[in-house]
Amino acid sequence: VICAFNIQHLESLNDIVKNFTDIAVRETIPDIFLREADQVVNVDLAIEDIIERLQSGQIYPPEKAKLAIENFFVPENLSKLRELALIGVAEIIDQSSSRMGHIRPSEGSESYGRARLMVCFSPKKQSQKVLLRKASRLAGKLNTEWWVVYAQTQKDKPERIDSEKQRHLYEDLQLAKDLGAQIVHLKTQSRIEAWVDFAHRQRVSHLIINRDQAPWWQVIFGLTTLDKLLKRTQRFDVYIINSYVMKKDRLGL
């Protein structure tokens, strides 16, 4: 099977592309398609050549091409998309080389079979797609497997959780699967205990958690979920993610 796609359609880059183009790409493909490919080839054209192909009708019909050139495919956007493509292919080649044994880190390095990443996941009233996409990109950079661990407490039971949280929960976990994560559903009385216990059992080295939107009094007295997790995770690297898109002058990689 041979297929081709433009880099802006890769799911984990969706927020980055929207940030510098001001356009939300609706048609996306799961990252796992790219990561499991036997071979990845980057077709790299100069910006001038892409614009020339658009103007000559080789990509879109004339009326659609004109609109694309004036909005999405402006030179600045094409330059950033080209950079994203080059970075992405370089990461895929590095991962493939590691799997085939061409690149073997030293046994003393963290990446020698020990770097594992886990997202500490709980229901929110807003989508956590940015968190999951950033986690997917980090897993790709580390060339490691990763888990999304949903710790369900009593208040998260289907009959008690509100419809908005339930909708985001389903959509976010489905996105995590598309991005290549292993989904783990734990029923527990304490999220922190469940996350830490799982991390120890699976020898996880990197934890990722969303920044809390907690009441001010919890922040002041150190009672947020993040505060409680940090007290129990001295042996782990903890990444605290802000679920917002980076400024336009940065790619946010």
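By convention here, the first residue in the shown sequence is residue 1. Just so it is clear, the structure is predicted and the values come from calculations on it, not from any experiment.
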### Query
What's the spacing between S136 OG and K134 NZ if we round to 0.5 Å?
13.0 Å
### Query
What distance separates T225 OG1 from I192 CD1, expressed to the nearest 0.5 Å?
5.5 Å
### Query
Same hydrophobic cluster for L13 and F5, using side-chain heavy-atom links shorter than 4.5 Å among ILVMFWY?
yes
### Residue that, paired with R133, satisfies side chain to side chain contact (heavy atoms under 4.5 Å, CB included) out of I241, D15, L10
D15
### Task
Verify side-chain contact (heavy atoms from CB on, under 4.5 Å) between M118 and Q202, making sure each step is shown before the conclusion.
CA-CA 10 Å; M118 169 187 139; Q202 295 296 331; over 6 Å; no
### Query
Name the one of L175, D178, L179 that satisfies side chain to side chain contact (heavy atoms under 4.5 Å, CB included) with P30?
D178
### Query
In terms of hydrophobic clustering (I, L, V, M, F, W, Y; side-chain heavy atoms under 4.5 Å; direct or indirect links), are I183 and Y150 co-clustered?
yes
### Message
Test side-chain contact (heavy atoms from CB on, under 4.5 Å) on I29 and E11; report intermediate values, then the result.
### Response
CA-CA 6 Å; I29 64 168; E11 177 61 49; over 6 Å; no
### Message
Test your reading of the model: is there a side-chain donor-acceptor pair from S190 to the backbone of E193, 3.5 Å cut-off?
### Response
yes
### Query
So, N77 side chain and F72 main chain: donor-acceptor pair closer than 3.5 Å or not?
yes
### Query
Are the side chain of H206 and the backbone of D237 linked by a donor-acceptor contact shorter than 3.5 Å?
no
### Task
Give, for atom CD of Q8 and atom CD1 of I16, the distance between the pair rounded to the nearest 0.5 Å.
13.0 Å
### Task
Check the side chains of S127 and D172 for a donor-acceptor pair under 3.5 angstrom, ignoring hydrogens and angles.
yes
Distance-only donor-acceptor hits, side chain of residues 53-60, under 3.5 Å, sequence neighbours excluded:
unit_1, atom_1, unit_2, atom_2, d
R53, NH1, Q58, OE1, 3.2
S56, OG, E52, O, 3.1
S56, OG, R53, O, 3.1
S56, OG, Q58, NE2, 2.9

### Task
Scan V148, I209, V149 and name whichever one has a side chain to side chain contact (heavy atoms under 4.5 Å, CB included) with V119.
V148
### Non-hydrogen atoms of F236 and A199 that approach each other most closely
CZ-CB, 3.7 Å
#### Entry: SB check R82 D44 (cutoff 4.0 Å)
yes
### CD on Q152 to CG on L169, rounded to 0.5 Å
8.5 Å
### Task
Could you tell me whether the side chain of S79 reaches within less than 4.5 Å of the side chain of I47, counting heavy atoms only?
yes
## Note on the structure
Between K66 and E70 the two heavy atoms that sit nearest each other are NZ-OE2, 2.6 Å
#### Entry: Pairs touching residues 157-171 that satisfy side chain to side chain donor-acceptor pair (under 3.5 Å), sequence neighbours left out
Q154-K157
### Message
Once you measure the plane-to-plane angle for F198 and W147, does it fall in the parallel (<30°), tilted (30-60°) or perpendicular (>60°) bin?
### Response
perpendicular
## Note on the structure
In short, R116 meets T144 closest at the heavy-atom pair CA-OG1, 3.5 Å
### Message
Please tell me whether T28 and N14 have a donor and an acceptor in their side chains that are separated by less than 3.5 angstrom.
### Response
no
### Message
Check R191 with D156, please: is the shortest side-chain N to carboxylate O separation under 4.0 Å?
### Response
yes
## Note on the structure
In this structure, CD1 of I50 is separated from CG of L81 (nearest 0.5 Å) by 8.5 Å
### Query
For N71 and L67, which heavy atoms make the closest approach, and how far apart are they?
ND2-O, 2.7 Å
### Query
Does T233 reach the main-chain N or O of L229 with its side chain, forming a donor-acceptor pair under 3.5 Å?
yes
### Query
Side chains of I7 and K80: closer than 4.5 Å at any heavy-atom pair?
no
### Message
Nearest 0.5 Å, please: how far is CH2 in W146 from CG in L132?
### Response
5.5 Å
### Query
Yes or no on side-chain contact (heavy atoms from CB on, under 4.5 Å) for Y239 and L117, after CA distance, side-chain angles and deciding distance?
CA-CA 10 Å; Y239 294 80; L117 188 151; 5.9 Å; no
### Query
Given the rule that I, L, V, M, F, W and Y join up when any side-chain heavy atoms are under 4.5 Å apart, are I69 and V74 in one cluster?
no
### Query
If you draw a 6.0 Å radius around CZ in R201, do more than 12 non-hydrogen atoms from other residues or ligands fall strictly inside?
yes
### Query
Going through the distances and angles, do L186 and D197 end up as a side-chain contact (heavy atoms from CB on, under 4.5 Å)?
CA-CA 11 Å; L186 303 176; D197 179 64; over 6 Å; no
